Amino acid sequence: MSEDQIKNLETEFEARIARDEKIEPKDWMPEKYRQTHIRQMSQHAHSEIVGMLPEANWITRAPTLRRKVALLAKVQDEAGHGLYLYSATETLGISREEMYEQLHTGKAKYSSIFNYPTVSWADMGTVGWLVDGAAIINQVPLCDTSFGPYARAMIRVCKEESFHQRQGFEIMMFLAKGTPEQKEMAQDALNRWWWPSLMMLGPIDAESTHTDQSMKWKLKRKTNDELRQKFIDQTVPQADLIGLTIPDPDLKWNEERQSYDFGEINWDEFWQVVKGHGPMNKERMKARVGAWEEGQWVRDAAMAHAEKKQERKQKQAV
Ligand code: BYC
């Protein structure tokens, strides 16, 4: 293709983005657009899959049958989100094996938040309330992202996440109005998960390497700082409602901005976790790599069965 032809394609592509048209897998797209979508979407898929682990930790110890059923269903939903997202990413020309390999070798990231341990039942409340809560704030704008398969996957994912957020909040509400020990457990979980939940929305805009270009391509519809502020403004009244205290002495309503001012986030901790030095990074990777290796016989069996089926079909045809 000549340079002029590529320029024309680029101009037409930018015009389609400006008209808010969806870009579909077989449409022409700049290579960087394709690559940055593979990066973000596969990391999103990995987060859903690794994100099953902290909650799976409590399925056998859920306090009632109702809680166990709800938690099981939630963890299954997360698996479904991961599978949608892997499929959507495959439409960009990368195989699932390659994506897994990138995760297992540390080339691809997954959300920092899943490198923290879930040490009490109340953590099931904070994961649903805060982690799914932050995820919804991040993902609702993604329903309007420019790449069709990603936008469509997000619509269903958001509906399910919103249910997850409510089930987490309900756990917290219940504990907060329970015995003093239960309330203390809820407060302790909030103290541990608050700051990592703010970090989950990504580095401050000034340090975010991808935001500018991703906003231009309408991959991202809001910046990391905008999303973080929205999450804080939405969540503080919820904590007030159930009588829990956000662990930030600098948190204060700003009348002029009609938003909360908040304290300093420990970005050093965030980067340490992203670089693999969080409390649970090693364990999370061990679990995922182990699942991949132990599942080899299932993949082999499925392939052998498919080959036999194909052979039989060919024999019948002659
Ligand atoms: N953790 O330029 P930036 C769920 C990386 S799961 C680790 O701002 P971007 C759930 C970033 O990748 C939902 N790394 O990046 C599941 C980049 O490094 P690379 C998870 C992070 O992409 C189970 C570098 O830092 N949601 O809900 O413009 C149970 C610079 O950052 C993080 C998604 O995945 C992080 N937190 O913006 C319960 C949403 N933040 O790639 C719940 C989709 C940043 O250059 N993703 N980095 O090596 C996004 O919206 C965006 O990718 C982000 C980051 C806002 C996360």
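A quick note: this is a predicted structure, and the numbers were derived from the prediction, not measured. Counting starts at 1 for both ligands and their atoms, in listed order.
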[atom1] ([X]) with more than 12 external heavy atoms under 6.0 Å:
| X | atom1 | result |
| --- | --- | --- |
| Lys68 | NZ | yes |
| Glu184 | CD | no |
| Lys222 | NZ | no |
| Arg299 | CZ | yes |
| Glu3 | CD | no |

Do the ring planes of Trp129 and Phe169 sit parallel (below 30°), tilted (30 to 60°) or perpendicular (above 60°)? tilted
Kindly assign one of parallel, tilted or perpendicular to the pair Tyr84 and His81, based on the angle between their ring planes and the thresholds 30° and 60°.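 Correct class here is parallel.
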Look at [atom] and say which protein heavy atom is nearest, naming residue and atom and giving the distance to 0.1 Å.
| atom | value |
| --- | --- |
| atom 21 (C) of ligand 1 | Phe270 CZ, 3.9 Å |
| atom 45 (O) of ligand 1 | His210 NE2, 2.6 Å |
| atom 40 (N) of ligand 1 | Gly202 CA, 3.4 Å |
| atom 23 (C) of ligand 1 | Glu78 CD, 3.4 Å |
| atom 3 (P) of ligand 1 | Ser208 OG, 3.4 Å |
| atom 10 (C) of ligand 1 | Phe114 CZ, 3.5 Å |

Does any pair with a residue in residues 187-200 pass side chain to side chain donor-acceptor pair (under 3.5 Å), and if so which ones, sequence neighbours excluded? Asp123-Arg192, Asp123-Trp193, Gln187-Asn191, Asp188-Arg192
State whether the shortest distance between N or O atoms of [X] and N or O atoms of ligand 1 falls below 3.5 angstrom.
| X | answer |
| --- | --- |
| Met52 | no |
| Asp132 | no |
| Ser214 | no |
| Ser112 | yes |
| Asn138 | yes |
| Arg39 | yes |

Going by the atom numbers of ligand 1, which of them fall below 4.0 Å from some non-hydrogen atom of [X]?
| X | answer |
| --- | --- |
| Tyr110 | 1 (N), 7 (C) |
| Lys220 | 8 (O), 9 (P), 28 (O), 37 (O) |
| Met200 | 36 (N) |
| Ser47 | 6 (S), 16 (C), 20 (C) |
| Glu161 | 4 (C), 27 (O) |
| Trp271 | 25 (O) |
| Ser111 | 1 (N), 36 (N) |
| Ala135 | 27 (O) |

For Lys74 and Glu78, what are the C-alpha separation, side-chain angles and deciding distance, and is it a salt bridge (Lys or Arg N to Asp or Glu O under 4.0 Å)? CA-CA 6 Å; Lys74 179 188 188 298; Glu78 307 300 356; 2.8 Å; yes
Looking only at heavy atoms, is any part of [X] under 4.0 Å from ligand 1, and if so is it the side chain, the backbone, or both, or is it neither?
| X | result |
| --- | --- |
| Asn224 | side chain |
| His81 | neither |
| His164 | neither |
| Thr209 | both |
| Glu207 | neither |

Evaluating non-hydrogen atoms only, which member of [options] is closest to [atom]?
| atom | options | result |
| --- | --- | --- |
| atom 18 (O) of ligand 1 | His44, Gln40, Lys74, Lys109 | Lys109 |
| atom 13 (C) of ligand 1 | Lys222, Met199, Gln139 | Gln139 |
| atom 16 (C) of ligand 1 | His46, Glu48, Lys107 | Glu48 |

Rounded to the nearest 0.5 Å, how far does CD of Glu31 lie from CD1 of Ile6? 11.5 Å
Distance (rounded to the nearest 0.5 Å) between Leu103 CG and Gln43 CD: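 Between atom CG of Leu103 and atom CD of Gln43 there are 9.5 Å.
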So does Asp144 pair up with Arg221, basic N to acidic O under 4.0 Å?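 A salt bridge links Asp144 with Arg221.
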Protein heavy-atom contact under 4.0 Å for atom 53 (C) of ligand 1?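 Under the 4.0 Å cut-off, atom 53 (C) of ligand 1 has no protein heavy-atom neighbours at all.
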Linked, directly or transitively: Val289 and Ile49 (ILVMFWY side chains, under 4.5 Å): no
Thr145 side-chain N/O to Lys218 backbone N/O, donor-acceptor pair under 3.5 Å: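 Judged by distance alone, yes, a pair lies under 3.5 Å.
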Between the side chain of Ser47 and the main-chain N/O of Ser111, is any donor-acceptor distance below 3.5 Å? yes
Not counting sequence neighbours, which residues clear side chain to side chain contact (heavy atoms under 4.5 Å, CB included) with Gln5? List them please. Met1, Ser2
Glu55 near ligand 1 by a heavy-atom separation under 4.0 Å: yes
Mind checking whether Tyr110 and His44 have ring centres under 6.0 Å apart? no
